[in-house]
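Here the structure is a predicted model, which is why all the values come from computation and not from measurement. In what follows, residues are counted from 1 in the order of the sequence shown. Below, all heavy atoms of this structure are taken into account, side chains as well, without hydrogens, waters or symmetry copies.
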Amino acid sequence: MFTPQGPTLRELAVQALSSIEHGYDLLAPKFDRTPFRTPDHLLDAVVSAVRPLGPFRTGLDICCGTGAGVGVLRQLCEERVTGVDFSAGMLAAARSAFPAVPGAPVVDWVRADARALPFAPAFDLAVSFGAFGHFLPRELPALFAQAHAALRPGGRFVFPVPAPPWVGSKLYWTLWGFDTAMRLRNLLWHPSFVMYYRTFRLADVLDELTRAGFTTGLRPLTDLGHLPDGTPRCVLVVARRA
């Protein structure tokens, strides 16, 4: 599926009928060979946008998966980077993908739920890529509160948010169909597998970040281009802990 080295249709079906944690344990060895991995051009755009906000000593990748965000943080942080995820399989894949490099920041891997992070305020920068669809809207306050608690005063929590597809476009109906199928799956099958594309709305996200104690702002990721109406294809949310 997707590439000759990627997961088969049967493997994806087994994953989709599993819990989130077990499903990603199964998918982890082949995850980076699927379109679900955050693309490099988006990661590079975030690095370019965040670097002027530094310097940063320590960084945290929340829901790190196979470590794409850790790669971003190793370019931005000077001392130490931590990746946290609740899938042991994804963490194992991340460790293999990001071995220790002399002169680069030390990388730690921690297995934990993002809604209950085991950290004191120890980080200058937190990132997250491609994980928010795994959280229901009612879970965002707890998630953002944990990110806030893990940052030092003045620390920043940053993540990209793409522009929503135009109503009636092919992508709009594709995402609508996916979310509908996922809701039906969760209605009929347990354990549930939470993954929705249309529940993470920017206005609601900014409101929840403010309630969690952040001061928020947006930076256009101009490297990713603009839509026909001139708006950026993707923005970077920058949430600062006071």
Which distance, rounded to the nearest 0.5 Å, do you find between the CG of Leu73 and the CG of Leu125?
-> 5.5 Å
Decide side-chain contact (heavy atoms from CB on, under 4.5 Å) for Phe157 and Leu60; before the verdict, give the C-alpha distance in whole Å, the side-chain angles of both, and the deciding distance to 0.1 Å.
-> CA-CA 9 Å; Phe157 179 31; Leu60 175 66; over 6 Å; no
Would you give me the side-chain donor-acceptor pairs under 3.5 Å for residues 161-172, sequence neighbours excluded?
residue, atom, partner, partner atom, Å
Ser169, OG, Trp166, O, 2.7
Ser169, OG, Tyr172, N, 3.2

Given side chains that start at C-beta, do those of Phe129 and Leu43 come closer than 4.5 Å, heavy atoms only?
-> yes
To the nearest 0.5 Å, tell me how far Leu221 CG sits from Leu42 CG.
-> 7.0 Å
Within-4.5 Å side-chain heavy-atom neighbours: Val110 and Pro118 = yes
Would you confirm whether Asp108, through its side chain, and Thr82, through its main-chain N or O, come within 3.5 Å as a donor-acceptor pair?
-> no
Residues passing the side-chain hydrogen bond (donor to acceptor under 3.5 Å, both in side chains) test with Arg198, sequence neighbours excluded, are none
d(Leu206 CG, Leu218 CG) to nearest 0.5 Å is 5.5 Å
Are any of the side-chain heavy atoms of Phe159 and Phe132 separated by less than 4.5 Å?
-> yes
May I ask whether Val205 and Val50 are part of the same hydrophobic cluster, defined by side-chain heavy atoms of I, L, V, M, F, W, Y residues being less than 4.5 angstrom apart, directly or through others?
-> no
Hey, what do you get for SG (Cys63) to CG (Asp85), rounding to the nearest 0.5 Å?
-> 6.0 Å
With Leu76, the side-chain contact (heavy atoms from CB on, under 4.5 Å) member among Val46, Val47, Val158 | Val47
Only counting residues at least two apart or in another chain, list the ones meeting ring pair (Phe, Tyr, Trp, His ring centres under 6.0 Å) with Trp173.
-> Trp176
Scan the side chains in residues 234-241 for donor-acceptor partners under 3.5 Å anywhere in the protein, sequence neighbours excluded, and list what turns up.
residue, atom, partner, partner atom, Å
Arg241, NH1, His148, O, 2.9
Arg241, NH1, Leu151, O, 2.7

After noting the C-alpha distance and the side-chain angles of Val101 and Val107, does the key distance pass the side-chain contact (heavy atoms from CB on, under 4.5 Å) rule?
-> CA-CA 9 Å; Val101 176; Val107 178; over 6 Å; no
Does Asp124 reach the main-chain N or O of Arg57 with its side chain, forming a donor-acceptor pair under 3.5 Å?
-> yes
same_hphob_cluster(Met90, Val84) at 4.5 Å side-chain heavy-atom cutoff | no
Is the backbone N or O of Leu117 less than 3.5 Å from a side-chain atom of Gln146, with the two atoms forming a donor-acceptor pair by type?
-> yes
In sequence, state the C-alpha distance, the side-chain angles, and the governing distance for Asp40 and Arg37, and then conclude on side-chain contact (heavy atoms from CB on, under 4.5 Å).
-> CA-CA 9 Å; Asp40 287 338; Arg37 182 190 183 274; 3.0 Å; yes
Listed partners of Arg211 passing salt bridge (Lys or Arg N to Asp or Glu O under 4.0 Å), at least two apart | Glu208
Are Leu91 and Val106 in one and the same hydrophobic cluster, where Ile, Leu, Val, Met, Phe, Trp and Tyr link if side-chain heavy atoms are under 4.5 Å apart?
-> no
Can you list the residues that meet the salt bridge (Lys or Arg N to Asp or Glu O under 4.0 Å) rule with Asp113, with sequence neighbours excluded?
-> Arg115
Please report the C-alpha distance between Asp229 and Thr231 in whole Å, then the side-chain angles of each, then the deciding distance to 0.1 Å, and finally whether the side chain to side chain donor-acceptor pair (under 3.5 Å) criterion is met.
-> CA-CA 6 Å; Asp229 64 358; Thr231 58; 2.7 Å; yes
Kindly give the heavy-atom pair with the smallest separation between Ser48 and Pro52, and that separation in Å.
-> O-CD, 3.3 Å
Check for a donor-acceptor pair, side chain of Arg185 on one end and backbone N or O of Trp189 on the other, with a separation under 3.5 Å.
-> yes
Side chain Asp179, main chain Tyr196, donor-acceptor under 3.5 Å = no
Under a 4.5 Å side-chain heavy-atom rule over Ile, Leu, Val, Met, Phe, Trp and Tyr, are Val127 and Leu202 clustered together?
-> no
Salt bridge (Lys or Arg N to Asp or Glu O under 4.0 Å) against Arg201, all qualifying residues, sequence neighbours excluded = none
Could you give the distance from OG (Ser192) to CZ (Arg183), rounded to the nearest 0.5 Å?
-> 12.0 Å
Does Leu143 belong to the same Ile/Leu/Val/Met/Phe/Trp/Tyr cluster as Phe214, with side-chain heavy atoms less than 4.5 Å apart forming each link?
-> yes
For the pair Thr66 (side chain) and Ala94 (backbone), establish whether a donor and an acceptor sit closer than 3.5 Å, ignoring hydrogens and angles.
-> no
Taking every heavy atom of Ile62 against every heavy atom of Ala126, the minimum-distance pair comes out as CD1-CB, 4.3 Å
Can you tell me how far CD of Glu139 sits from CZ of Phe144, rounded to the nearest 0.5 angstrom?
-> 11.5 Å
For Ala88, check side chain to side chain contact (heavy atoms under 4.5 Å, CB included) against everything at least two apart and list the hits.
-> Asp25, Arg111
Any donor-acceptor pair under 3.5 Å from Asp61 side chain to Val70 backbone | yes
Please name all residues satisfying ring pair (Phe, Tyr, Trp, His ring centres under 6.0 Å) with Phe178, sequence neighbours left out, ordered by chain then number.
-> Tyr197
Excluding sequence neighbours, so at least two apart, what forms side chain to side chain contact (heavy atoms under 4.5 Å, CB included) with Ala122?
-> none
Please assess Glu78 against Thr58 for the test side-chain contact (heavy atoms from CB on, under 4.5 Å), listing each intermediate value before the final yes or no.
-> CA-CA 7 Å; Glu78 299 170 353; Thr58 54; over 6 Å; no
Inter- and intrachain pairs under ring-ring contact (aromatic ring centres under 6.0 Å, His included), touching residues 215-242, at least two apart = none
Return each pair, listed once, that meets ring-ring contact (aromatic ring centres under 6.0 Å, His included) where at least one residue sits in residues 88-122; pairs must be two or more places apart or across chains.
-> Phe119-Phe123
